[in-house]
Protein chains: 2
Amino acid sequence: MATARVSKSANGKAHTAPQALYQRIRADLEENILSGRWPPGYRIPFEHELVESYNCSRMTVNKVLSGLAAAGVIERKRRVGSFVAKPLVQSAVLHIPDIQAEIAKRGEAYAYELLTRKRRKATKDDLERLGIDKSCDVLVLSCRHIAKGRPFALEERLINLDVVPPASEVDFTRVPPGTWLLGHVPWNEAEHRITASLADDIALKALTLKKPAACLVVERRTWRKNKIITSVRVTYPNDLYQLTARFTPTGLRS
Amino acid sequence: MATARVSKSANGKAHTAPQALYQRIRADLEENILSGRWPPGYRIPFEHELVESYNCSRMTVNKVLSGLAAAGVIERKRRVGSFVAKPLVQSAVLHIPDIQAEIAKRGEAYAYELLTRKRRKATKDDLERLGIDKSCDVLVLSCRHIAKGRPFALEERLINLDVVPPASEVDFTRVPPGTWLLGHVPWNEAEHRITASLADDIALKALTLKKPAACLVVERRTWRKNKIITSVRVTYPNDLYQLTARFTPTGLRS
DNA sequence: CCGCTGATTATGTATAGACATACGACGTCC
DNA sequence: GGACGTCGTATGTCTATACATAATCAGCGG
């Protein structure tokens with residue numbers, strides 16, 4: 001392994017270090033986590049192992065690991081080791097809602113229905129939604145979430161099979177795609193667009209609403225290393241859902 | 001000042017340090033920032049000054065400051081010093097919208113109208129919205145934001161004068177309360193509730209809409225040290241606004 | 001007055017060593 | 001076998017020192 005770092009000798013401090021060493025270490029660790037090579041729960045190398053790999057002092061490694069721990073990327077336990085953090089599911093920040101979990105938390109009966117499932121070569125429209133140029137295969141899903149016997153949300157989803165090939169093997173008749181993705185694909189970044197709209201005929205029917213009905217529409221795109229994993233549009237009847245986001249802006253505790 | 005720290009001598013490492021020193025330093029600095037004693041732009045003490053104050057080594061102070069910088073709380077400039085960060089306005093996380101700035105950014109004409117302004121003793125309903133028990137004075141504002149000549153948002157706001165006494169002095173006929181607050185009051189935490197609804201008569205009139213109209217309603221409460229500064233409800237016509245939130249969940253840089 | 005140069009200074013990064021603390025593992029004693 | 005204590009180990013915190021780097025500022029020469 002030994003990511004050789006030349007002599008720290010004499011005067012000429014390593015001129016091979018293009019940037020701060022600890023940033024390089026951090027980038028390496030993040031890469032391992034983000035790529036999935038080190039899945040949640042994985043025990044990352046001990047400090048003394050990294051010290052050897054990078055041929056640096058423990059303080060340097062410690063700074064990296066403390067930083068990752070502070071950012072919530074890893075969890076550290078004395079005498080035991082450092083582990084890739086689990087959740088990532090619902091950041092304290094903005095709730096990336098797992099509808100099933102959400103409803104379960106409220107203690108309500110939950111049901112899920114897959115309406116349609118199609119695999120196809122991406123259309124021009126699909127490509128735009130996924131922010132890519134060259135064509136690839138996509139999975140197009142439409143499904144319905146039901147709470148207490150009443151339709152709760154209509155979900156229309158596009159999955160980029162180039163980024164998540166295993167998704168093509170999954171039969172989404174029982175597991176909602178959002179739940180499956182959250183559990184299987186690490187992600188990096190998400191963007192929400194939230195709008196209100198009057199329900200169109202498709203939505204009216206899927207959600208068994210009567211005209212006129214206001215709906216909350218959440219469009220979310222989720223990234224992994226600059227590639228969009230999935231783009232989803234979820235429509236909620238106004239009286240059954242509210243999106244809440246609570247956050248601390250900069251890391252000021254208290 | 002010297003937050004005396006007993007002898008680091010002999011064997012008996014300070015038993016007066018109830019917890020990690022650097023955490024205590026960090027808490028102190030955050031307190032100064034959050035309380036407003038050190039406003040945005042303020043130059044915080046140099047490392048060597050803190051070293052003297054706390055009677056510790058530079059590395060310890062450096063760890064605190066680096067951490068705060070990483071969290072975006074302060075900005076550091078070589079040879080110059082460290083400064084309380086300005087923005088805090090629109091965290092990379094969830095856009096706490098300053099409507100005026102928003103519209104300006106789009107390059108559209110902006111106008112603002114104060115509809116009503118009342119100071120009163122908090123009613124039971126007000127107290128609930130502000131999450132407090134004992135009564136206090138509040139400022140009740142209602143205003144309208146206009147872009148390109150068309151009403152863009154209806155804002156109904158409650159300000160806790162116990163937390164922000166200076167607000168009572170401000171005449172909000174020209175500066176929107178959101179803009180003023182963002183610029184004058186440091187905050188800690190915010191919570192959004194986002195819903196869709198059919199516009200009621202008040203909203204229809206204020207926004208010059210015709211029935212039926214779907215509106216996006218954002219209710220936001222903003223905290224400063226566990227006290228709610230302000231509670232606001234903003235109603236947008238569906239076709240003129242969409243809330244977007246883009247964020248990186250854990251601090252994993254791409 | 002302008003522009004260059006060098007000194008000064010605060011932060012940025014790194015090291016080696018030290019002690020503290022939590023916790024698991026293992027062995028001992030009852 | 002179960003309660004208990006000891007030991008080892010990984011992380012947590014801190015120190016003292018060193019050199020690098022960026023930016024400001026003063027001084028100097030043109």
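Within every chain, numbering begins at 1; the chains are lettered A, B, ... in the order of the sequence lines, protein sequences first and strands thereafter.
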query: When you check the side-chain N and O atoms of B:D28 and B:Y54, is any donor under 3.5 Å from an acceptor?
result: yes

query: Any luck finding a side-chain donor-acceptor pair between B:S231 and B:R221 under 3.5 Å?
result: no

[N] OP1/OP2 closer than 4.0 Å to side-chain N/O of [X]:
X	N	value
B:S66	C:dT11	no
A:R76	D:dG12	yes
B:Q23	D:dG12	no
A:T60	C:dT13	no

- line: Nearest-nucleotide check on DNA chain C, A:M59 vs A:K77; residue mapping nearer the 5' end is A:M59

To the nearest Å, give me how far apart [atom1] ([X]) and [atom2] ([N]) are.
X	N	atom1	atom2	answer
A:L65	D:dA10	CG	C1'	11 Å
B:I25	D:dT13	CD1	C1'	12 Å
A:E47	C:dT15	CD	C1'	15 Å
B:R26	D:dC14	CZ	P	14 Å
A:Y22	D:dA20	OH	P	19 Å
A:R58	C:dA18	CZ	C1'	10 Å
A:H48	D:dA10	NE2	C1'	8 Å
A:R24	C:dT13	CZ	P	14 Å

query: Does A:R78 make a side-chain donor-acceptor contact with the base of D:dT9, cut-off 3.5 Å?
result: no

message: Should the side chain of B:R79 and the base of C:dG12 be counted as holding a donor-acceptor pair, with the cut-off at 3.5 Å?
response: no

Closest to side chain of A:K63, choosing from D:dA10, C:dT13, C:dT11: C:dT13

query: Which pair of non-hydrogen atoms, one from A:L141 and one from A:F172, has the smallest distance, and what is that distance?
result: CD1-CD1, 3.7 Å

- line: Between A:L68 and A:E30 the two heavy atoms that sit nearest each other are CD2-OE2, 3.9 Å

- request: Please confirm whether the backbone N or O of A:P165 pairs with a side-chain atom of A:S168, one donor and one acceptor, at under 3.5 Å?
  value: yes

